[in-house]
2 protein chains.
Amino acid sequence: MARSESRLANDAWEALLTAHARLMKGFAAEDMWDDISMREYDVLYTLSKHDGPIRPVELGRDVLLSQPALSRMVERLVDRGLVARAADPVDGRGVRLSLTEAGRGAQRRIGGRHAVDVSRAVKRALTESEMHQLEALCRKLAAGERLIQDDHFKSEQEPQR
Amino acid sequence: MARSESRLANDAWEALLTAHARLMKGFAAEDMWDDISMREYDVLYTLSKHDGPIRPVELGRDVLLSQPALSRMVERLVDRGLVARAADPVDGRGVRLSLTEAGRGAQRRIGGRHAVDVSRAVKRALTESEMHQLEALCRKLAAGERLIQDDHFKSEQEPQR
DNA sequence: TTGAAGAAGATGCAAACGCATGAACTTAGG
DNA sequence: CCTAAGTTCATGCGTTTGCATCTTCTTCAA
């Protein structure tokens with residue numbers, strides 16, 4: 001008997017959570033992070049993906065940290081000379097972040113080693129075709145969520161309360 | 001030109017990470033967690049999946065927490081009457097954990113509401129067929145990792161150092 | 001133009017986390 | 001046996017996180 005669509009959705013999400021936790025544990029156990037934590041690397045990597053300076057609020061969308069925690073982590077990275085923080089010329093409240101040369105260097109150094117482990121873990125389990133599928137599915141999942149938050153459609157029905 | 005297999009693997013993993021972060025942010029924003037944090041719910045849910053009592057070390061495999069952090073979280077859950085902790089009759093070092101009635105009740109209460117949001121987020125982005133695919137791919141990913149850690153094959157090549 | 005509502009970031013503070021280490025117990029080789 | 005190494009879980013301690021709140025600046029309607 002077929003699972004209900006809701007059950008199917010929850011099972012898929014649980015599988016994703018389990019895969020995430022298992023692989024992350026494995027990566028964290030690797031002795032290759034020097035003095036940069038995985039969360040800090042996450043910030044450096046996200047900064048490296050974008051070319052120009054970006055706002056902390058942008059960073060916050062992809063990094064799993066509260067706004068105050070992100071604010072302070074950026075502060076620490078600035079103090080360590082890995083991130084540059086400048087006032088936003090357009091928005092007086094805002095701040096613009098970018099990697100320093102040292103920051104970019106650190107990201108490349110760690111990233112190169114990390115990519116080897118990621119590649120090894122994924123290749124061990126999936127074929128090339130499956131990697132393509134997984135990427136496409138996860139992109140769709142992430143894209144669905146992004147729209148909601150941007151357009152404030154979240155309260156489309158406002159369940160109870 | 002086709003991406004290299006390694007690049008493909010890393011892109012797939014990045015997509016999974018992004019999907020994970022986006023959805024988690026969305027779920028965390030929901031006003032439905034009462035006095036139970038998402039990490040605590042993760043523990044309660046994992047306990048509810050297993051029927052019999054399980055060891056903390058088992059819990060640790062699926063929950064993204066350090067061993068000391070998990071130890072103390074369990075302690076708090078025990079103090080709050082949600083989890084029962086008993087000595088392991090077989091292994092004198094070990095401990096056996098299970099949900100109390102209150103714990104099971106809390107898990108069901110929160111879990112029921114959470115499942116609605118999960119279902120909504122996943123259904124919005126994927127078809128039933130895609131949910132099946134995503135579940136299968138993530139299970140393969142997670143399974144690949146489990147074997148490594150159990151069999152201590154991790155140092156199969158011991159890269160540099 | 002102006003005043004209220006909203007958004008971006010920073011900060012005080014208690015709670016929670018990770019690393020290093022310790023204590024209790026099990027396993028395995030001589 | 002019995003000792004050395006390994007495993008499981010707990011604890012001390014400094015660091016980081018999240019919640020609530022504040023400040024500053026922008027936006028928008030009157």
Side-chain angles (χ1 to χ4, degrees), chain A residues 21 24-25 27-43 53-61 63-80 82-98 149-152 154-155, chain B residues 21 24-25 27-43 53-61 63-80 82-98 149-152 154-155:
Chain A
M24 287 295 275
K25 284 240 162 190
F27 297 146
E30 293 295 328
D31 180 25
M32 50 157 287
W33 297 98
D34 296 358
D35 54 345
I36 294 187
S37 72
M38 286 185 73
R39 282 178 162 175
E40 288 169 338
Y41 175 75
D42 198 4
V43 169
I54 71 173
R55 308 275 298 259
V57 68
E58 297 272 344
L59 251 183
R61 274 190 260 278
V63 176
L64 209 46
L65 276 177
S66 67
Q67 179 268 317
L70 181 58
S71 177
R72 272 188 263 245
M73 170 170 291
V74 166
E75 185 182 29
R76 269 172 270 140
L77 293 173
V78 168
D79 288 346
R80 290 166 62 183
L82 300 173
V83 168
R85 178 171 39 184
D88 189 317
V90 183
D91 188 335
R93 303 164 296 184
V95 161
R96 299 180 74 82
L97 305 173
S98 55
Q149 291 173 358
D150 281 5
D151 299 355
H152 298 288
K154 173 156 284 173
S155 49
Chain B
M24 287 295 276
K25 284 241 162 188
F27 297 146
E30 293 295 327
D31 181 23
M32 50 157 288
W33 297 98
D34 295 0
D35 55 345
I36 294 185
S37 73
M38 286 185 72
R39 281 178 165 176
E40 287 169 338
Y41 175 74
D42 198 4
V43 169
I54 69 174
R55 310 275 298 261
V57 69
E58 296 272 346
L59 250 182
R61 273 191 259 279
V63 175
L64 207 46
L65 276 178
S66 68
Q67 179 270 315
L70 180 59
S71 177
R72 272 189 261 246
M73 171 171 290
V74 166
E75 185 182 26
R76 268 172 271 140
L77 292 174
V78 169
D79 289 346
R80 289 166 64 183
L82 300 173
V83 168
R85 177 172 40 184
D88 189 317
V90 183
D91 187 336
R93 304 163 295 183
V95 161
R96 300 181 73 82
L97 304 173
S98 55
Q149 290 172 359
D150 281 4
D151 300 352
H152 298 290
K154 174 155 284 173
S155 50

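Just so it is clear: chains get the letters A, B, ... in the order the sequence lines come, proteins before strands, and each one is counted from 1.
Put simply, A/Ser71 has a side-chain N or O that comes within less than 4.0 Å of OP1 or OP2 on C/dA10. In this structure, B/Arg39 reaches the C/dC17 phosphate: one of its side-chain N or O atoms is under 4.0 Å from OP1 or OP2. Of the side-chain N and O atoms in B/Arg72, none sit less than 4.0 angstrom from OP1 or OP2 of D/dT11. Within the 4.0 Å cut-off from OP1 or OP2 of C/dA8, not a single side-chain nitrogen or oxygen of A/Arg85 is found. For the pair B/Arg76 and C/dC17, the criterion of a side-chain N or O lying under 4.0 Å from OP1 or OP2 is met.
Listed for the A/Asp91 side chain is a donor-acceptor partner under 3.5 Å among the backbone atoms of A/Arg93. In terms of modelled atom types and a separation under 3.5 Å, the side chain of A/Trp33 and the main chain of A/Phe27 share a donor-acceptor contact. Side-chain atoms of A/Lys25 never come within 3.5 Å of backbone atoms of B/Ser66 as a donor-acceptor pair (strictly under, hydrogens ignored).
If you find the closest nucleotide of DNA chain D to A/Ser66 and to A/Asp91, the one lying nearer the 5' end belongs to A/Ser66. Summary of the strand contacts: B/Leu70 and A/Val57 both lie near DNA chain C, and taking for each the nucleotide with the nearest heavy atom, the more 5' one is attributed to A/Val57. If you find the closest nucleotide of DNA chain C to B/Gly92 and to A/Ala69, the one lying nearer the 5' end belongs to A/Ala69.
One distance of note links CG of B/Leu59 with CG of B/Asp42; it measures 9.0 Å at 0.5 Å rounding. A distance of 5.0 Å separates CE of B/Met73 from CZ of B/Arg76, quoted to the nearest 0.5 Å. In this structure, the separation between CG on A/Leu97 and CG on A/Leu77 is 9.5 Å, given to the nearest 0.5 Å.
The separation between B/Glu40 atom CD and D/dG18 atom C1' is 13 Å, rounded to whole Å. Regarding A/Met38, its CE atom lies at a distance of 17 Å from the C1' atom of D/dT16, rounded to whole Å. Atom-to-atom, CG of B/Asp35 to C1' of D/dC19 comes out at 15 Å; the value is rounded to the nearest Å. The separation between B/Arg80 atom CZ and C/dA15 atom C1' is 12 Å, rounded to whole Å. Distance B/Ile36 CD1 to D/dG18 P: 18 Å, rounded to the nearest Å. The distance between atom CZ of A/Arg55 and atom C1' of C/dA10, rounded to the nearest whole Å, is 14 Å. Atom CG in A/Asp34 sits roughly 14 Å away from atom P in C/dC19 (whole-Å rounding). Atom CD of B/Glu58 and atom P of D/dT7 are 15 Å apart (whole Å).
Comparing atom distances between the B/Met73 side chain and each of D/dT26, C/dA24, C/dC17 picks out C/dC17 as nearest. For B/Pro68, the listed nucleotide lying nearest its side chain is D/dT11; candidates were D/dT17, D/dT11, D/dT26. Nearest to the side-chain atoms of A/Glu75 among the listed nucleotides C/dT11, D/dG18, D/dT26 stands C/dT11.
Contact annotation: side chain of B/Arg93 to base of D/dT7, donor-acceptor pair present below 3.5 Å. For A/Gln67 against C/dA8, no side-chain N or O and base N or O form a donor-acceptor pair under 3.5 Å.
Note on B/Asp88: nothing from the nucleic acid sits closer than 4.0 angstrom, heavy atoms only.
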